[in-house]
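Just so you know, ligand 1 is whichever comes first in the structure, and atom 1 is the first atom listed for that ligand. Numbering starts at 1 and runs along the sequence shown.
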Amino acid sequence: MLLTIPGVLTAEQVATCRDRLDRADWHDGRLTAGHQSARVKANLQLPEHDPVARELSDLVLRALERSPDFLAAALPRHVYPPLFNRYVPGMAFGAHVDNAIRQVPGTAHRVRTDVSATLFLSTPDEYDGGELVVEDTYGTHSVKLAAGDMVLYPATSLHQVMPVTRGARVAAFFWTQSLVKDDGERSLLFDLDMAIREIGQAAPDSPTTVRLTACYHNLLRRWAEV
Ligand code: NI
């Protein structure tokens, strides 16, 4: 399931991020790439220990905790601290799949990457190119969102960032280990959750709402790993 979530960050939070990031100390993004992806990766990243990266990573994590759509869609068990990248003309990231397991820097903690996320921090009119192109079973999706909006997609997906030909594309990206590893099961739970929200607003006291809610929790109980 590919899902866009608008307004994960407010305009003020985006402005804070951009103020810090536009003056940050960017490094070659290949430093954190695996063997295959290093061959197709050409971008800039903030080192994970960079104070700006840590401050903004915390800002994004706090915003995620307040995003009902992120919580419902990703069913997060662990969130890898968000990283930041920047593409200027001539930069791109060719087709790749993200590493399955990532170790959180400075800890023994490992995160299985079930859900990939990109949170856009540049407005679409600031740059040309730079679309995130994700392949899934329903075809190819080209994603370029407003600043503060986020896309989630299964980390099993082949994806790429198209070449930037003007301006700068700045984004946060991260991975989530979900309580529900399987994308199909997670998508069903999300659809059911959304339907229950709708029916719950129309008929909050209906026995049907109660029964569907029970189904949701009993499926989650069946599928979740905690
Ligand atoms: Ni990737």
Side-chain angles (χ1 to χ4, degrees), residues 1-5 8-9 17 21 24 26-48 50 53 56-57 60-61 64 70 73-74 76-105 109-122 124 127 129-145 147 149-165 168-178 181-183 186-187:
M1 174 180 64
L2 185 142
L3 180 74
T4 60
I5 304 178
V8 171
L9 296 186
C17 289
L21 292 172
W26 294 96
H27 287 56
D28 187 333
R30 275 173 292 211
L31 294 174
T32 58
H35 292 298
Q36 185 269 328
S37 58
R39 299 174 65 82
V40 294
K41 184 176 186 182
N43 69 0
L44 300 168
Q45 266 178 228
L46 278 193
E48 288 163 340
D50 182 290
L56 299 183
S57 190
V60 173
L61 284 173
L64 294 173
F70 169 71
R77 182 177 183 204
H78 302 297
V79 180
Y80 190 93
L83 301 169
F84 298 87
N85 61 18
R86 176 178 166 92
Y87 294 77
V88 294
M91 293 185 172
F93 197 165
H96 66 282
V97 167
D98 296 337
N99 288 353
I101 308 287
R102 307 218 49 130
Q103 184 150 359
V104 179
H109 184 54
R110 286 180 293 185
V111 173
R112 186 187 62 225
T113 60
D114 297 324
V115 181
S116 293
T118 297
L119 171 56
F120 288 75
L121 296 171
S122 298
Y127 61 102
E131 297 85 359
L132 172 67
V133 175
V134 180
E135 291 179 25
D136 70 12
T137 46
Y138 299 108
T140 300
H141 307 270
S142 179
V143 183
K144 187 171 187 172
L145 302 178
D149 293 3
M150 182 169 77
V151 60
L152 300 180
Y153 56 97
T156 50
S157 314
L158 201 61
H159 59 281
Q160 58 186 309
V161 176
M162 302 307 284
V164 167
T165 57
R169 175 201 195 268
V170 181
F173 63 101
F174 63 92
W175 302 272
T176 300
Q177 179 171 335
S178 179
K181 171 167 66 174
D182 181 78
D183 181 63
R186 207 168 48 244
S187 298

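- Residues L145 and L132 have side chains not in contact (no heavy-atom distance under 4.5 Å, counting atoms from C-beta outward).
- Listed by chain and number, the residues in a side-chain hydrogen bond (donor to acceptor under 3.5 Å, both in side chains) with R169 amount to none (sequence neighbours excluded).
- Within the structure, every pair that satisfies the side chain to side chain donor-acceptor pair (under 3.5 Å) test and touches residues 84-94, not counting sequence neighbours, is listed here: N43-Y87.
- When side chains are defined from C-beta on, V79 counts as touching L61, because their heavy atoms get closer than 4.5 Å.
- Few gaps surround NZ on K144; more than 12 heavy atoms of other groups in view lie less than 6.0 Å from it.
- Listed by chain and number, the residues in a side chain to side chain contact (heavy atoms under 4.5 Å, CB included) with A147 are V14, T123 (sequence neighbours excluded).
- Legend: protein N/O/S atoms lying under 2.8 Å from the Ni ion (ligand 1), waters omitted, number 3.
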